[in-house]
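Chain naming here is simple, since letters A, B, ... match the order of the sequence lines and numbering starts at 1 in each. Fair warning: this is a prediction, and the values are worked out from it, not measured in the lab. Heavy atoms only: backbone and side chains are in, while hydrogens, waters and symmetry mates are out.
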2 protein chains.
Amino acid sequence: MSDPVNGDRPVPVTALLEQAMTWIRDDLYALSDARFPGLRMRHYRLLVMLPPDGERLSRLAAHSGLTKQALAQALAPLEDGGYVEVLPDASDGRARLVRLTDRGREADEAVRGRLDAVERDWARRVGEERYAVARGVLADLAPGPAGSPAAVTVEE
Amino acid sequence: MSDPVNGDRPVPVTALLEQAMTWIRDDLYALSDARFPGLRMRHYRLLVMLPPDGERLSRLAAHSGLTKQALAQALAPLEDGGYVEVLPDASDGRARLVRLTDRGREADEAVRGRLDAVERDWARRVGEERYAVARGVLADLAPGPAGSPAAVTVEE
DNA sequence: TATTGTTATACTCTATAACTATA
DNA sequence: TATAGTTATAGAGTATAACAATA
């Protein structure tokens, strides 16, 4: 099927990925409007990556791919909104621990619930098996936590 | 295999999609460094969506999801770099037509070539058949011209 | 009056640089 | 001296509002 823009060439994979992200973003922003005003994608990203016992700013920065400064800015609204608390680290006077509050956990669960709903809807539309393959492919492309994209020798 | 962040819960699909986009972006930015200095994702996005005969600013804005203002700003470096030319529309004195130049077509082809190389690499890593299914799923999620995305509602 | 495009301005997100406090 | 975090500032990307010219 050709469209006037791409002709007989394939639709760029970037367009497909970005379209999928756009739908998810719109969905999550409806969640923000309904229950968590002011939370944007970057906040949800952080909420779902905070471990139960909290984590240091530096480690969270490395883990998230943000600079410490960008992380601190993204974290401020989360702290103001009561989603996380930032505590001194007893083992190092310089360090601070970021930890989810109950409300933060609530938002975390809500986000995961919405993502799950979106994925179930997608699976219904394209077929459960096919969607499972697609998700598996994306997961296989992503190596470990700090993995590099070109890590071809990834063990499955 | 569980990680400390997600436990036994699935890795958020947003993380998978964003990771894939990040790899592609890094790849295309290497192309910018090598051959098309200054071009960013938004410019490539526009280059690959310009039809051969050119398009009006308004239509391109609607098509790209950008406001006319944002589009005009994104277009300026493309015009300065000689990738597109903006011409008056003979059929409407108000309108302007945006059209790819030869250099713009060159960049368009280069981008599509890189995307193709990335996809071939991915297919090799996860298996040709599996990758074909994954791409097909993403394409199927994108509905036709009048289609609407996964319309889901948020419970209050 | 509606539409095409422009000018002016502001907000979100992230980065680099320079700094303070603690190790 | 190196590390954890902060303050200040800048840039990319996109939006809204107000405007101009043409239909």
Where the side chain of [X] is concerned, which of [options] is the nearest nucleotide?
X       : options               : value
A:Arg42 : C:dT6, C:dT14, D:dT14 : C:dT14
A:Arg94 : D:dA15, C:dA21, C:dG5 : C:dA21
B:Gln73 : D:dT14, D:dG5, C:dT14 : D:dT14

Short side-chain N/O contact to [N] OP1/OP2 from [X], under 4.0 Å:
X       : N      : answer
A:Arg40 : C:dC11 : no
B:Ser58 : C:dG5  : yes
A:Arg96 : C:dT22 : no
B:Thr67 : D:dT14 : no

*Just checking A:Arg59: base, sugar-phosphate only, or nothing, at a heavy-atom cut-off of under 4.0 Å?*
nothing
*Check every strand shown and say whether A:Asp92 touches a base, only sugar-phosphate, or nothing at a heavy-atom separation below 4.0 Å.*
sugar-phosphate
Rounding to an integer number of Å, can you tell me how far [X] [atom1] sits from [N] [atom2]?
X       : N      : atom1 : atom2 : value
B:Glu18 : C:dT14 : CD    : P     : 10 Å
A:Arg56 : C:dT22 : CZ    : P     : 15 Å
B:Arg25 : C:dA15 : CZ    : P     : 11 Å

_Approximate separation, where rounding is to 0.5 Å, of A:Tyr29 OH and A:Phe36 CZ_ = 14.5 Å
_Along DNA chain C (nearest heavy atom to each residue), the more 5'-positioned of A:Ala70 and A:Gly93_ = A:Ala70
*For B:Leu97 and for A:His43, locate the closest nucleotide of DNA chain C by heavy-atom distance; then report the residue assigned to the nucleotide nearer the 5' terminus.*
B:Leu97
Is the shortest side-chain N to carboxylate O distance from [X] to [Y] below 4.0 Å?
X        : Y        : result
B:Arg9   : A:Asp108 : yes
B:Arg103 : B:Glu106 : yes
A:Asp89  : A:Arg56  : yes
A:Arg99  : A:Glu55  : no

*Return the 5'-most residue of the pair A:Gln69, A:Ala95 with respect to DNA chain D, ranking by each residue's nearest nucleotide.*
A:Ala95
